[in-house]
Amino acid sequence: MNTIKTTLAIALVAATSSAMAATAVEQKPVTVADVAKAQVAQAKTATVNAAETTKAAVVAKAVNAEKATETKALTIKETTTAKAVAAKAAVVEKTEVVKDATVATKDAAVAKTVAAKDATVAKTVEAKEAVVEKATDAKEAVAEKTEVVKAEVKKDCAKKCAKQKAEAAKAEKKGFFSWFKKSA
């Protein structure tokens, strides 16, 4: 508002000064009507000049305001775009980190499962080998005892058979001689 008042005051002073300079000093008598006409003309010129100056100032302010609004809107748009891009990049980065962590967890779980399976297989193989070894040892022990028992049975059988043969031979001798004794 002060700018407009200052502009109007300057325009009024300029118009008055230029009107005074343009008016030639005449030696004719000045009448009140001529003075009034001159003052009205000066006032009219000053008013027109002030209006034009005010109009120019208002247009300049409007143009400046419009440029400022456009600049502000463009700045806001650029800031919003930059924030959106940064947010998207952060989300992508976070997603990649989560994906990497998931893959690492999965790999660890697979490795743990494989290790557990390998341990179980190793224990099973050891247990099977131990059972086979015990069974083989038991079979060998049974085979040895069987051989020993067979050998003892053969000895006993041989003794019994020899005894029976000896008894049979003795009995036959007795019988043969006893036949002679009976017939004689």
Side-chain angles (χ1 to χ4, degrees), residues 1-140:
M1 192 69 159
N2 287 335
T3 308
I4 294 172
K5 287 180 181 177
T6 305
T7 306
L8 286 174
I10 292 172
L12 183 62
V13 170
T16 307
S17 299
S18 66
M20 288 159 97
T23 310
V25 179
E26 294 179 15
Q27 295 296 333
K28 78 179 183 176
V30 180
T31 62
V32 176
D34 288 336
V35 173
K37 280 182 186 179
Q39 285 180 345
V40 168
Q42 285 178 351
K44 185 176 180 183
T45 306
T47 304
V48 169
N49 288 340
E52 287 177 2
T53 307
T54 304
K55 182 178 177 185
V58 169
V59 168
K61 274 191 175 184
V63 168
N64 287 340
E66 185 177 339
K67 285 183 181 179
T69 304
E70 287 176 2
T71 304
K72 187 175 182 180
L74 185 59
T75 304
I76 290 171
K77 182 179 178 184
E78 289 173 353
T79 304
T80 305
T81 304
K83 283 181 181 178
V85 168
K88 184 177 180 183
V91 168
V92 167
E93 185 177 330
K94 188 174 183 180
T95 303
E96 287 178 3
V97 168
V98 169
K99 183 180 177 184
D100 291 345
T102 304
V103 168
T105 303
K106 185 178 178 183
D107 289 346
V110 167
K112 190 175 182 180
T113 304
V114 167
K117 184 177 179 183
D118 290 347
T120 303
V121 168
K123 284 181 181 178
T124 305
V125 168
E126 286 179 22
K128 186 175 181 181
E129 288 175 355
V131 168
V132 168
E133 188 177 332
K134 282 182 181 179
T136 304
D137 290 346
K139 187 176 180 181
E140 288 174 0

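In this text, all values refer to a predicted model and were calculated from it rather than measured experimentally. What's counted below: heavy atoms across the whole structure, side chains too, no hydrogens, waters or symmetry copies.
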Return all side-chain donor-acceptor pairs below 3.5 angstrom for residues 67-76, not counting sequence neighbours, or 'none' if the list is empty.
unit_1 : atom_1 : unit_2 : atom_2 : d
T69    : OG1    : A65    : O      : 2.7
T71    : OG1    : K67    : O      : 2.7
T75    : OG1    : T71    : O      : 2.7

### Point-to-point distance, once rounded to the nearest 0.5 Å, from NZ of K106 to NZ of K99
11.0 Å
### Task
With V121 as reference, evaluate D118, T124, V125 under the side-chain contact (heavy atoms from CB on, under 4.5 Å) test and give the passing residue.
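It is V125; the other options fail the test.
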Got a list of side-chain donor-acceptor pairs under 3.5 Å for residues 2-13, not counting sequence neighbours?
unit_1 : atom_1 : unit_2 : atom_2 : d
T6     : OG1    : N2     : O      : 2.7
T7     : OG1    : T3     : O      : 2.6

Which donor-acceptor pairs under 3.5 Å do side chains of residues 52-60 form with protein atoms, sequence neighbours excluded?
unit_1 : atom_1 : unit_2 : atom_2 : d
T53    : OG1    : N49    : O      : 2.7
T54    : OG1    : A50    : O      : 2.7

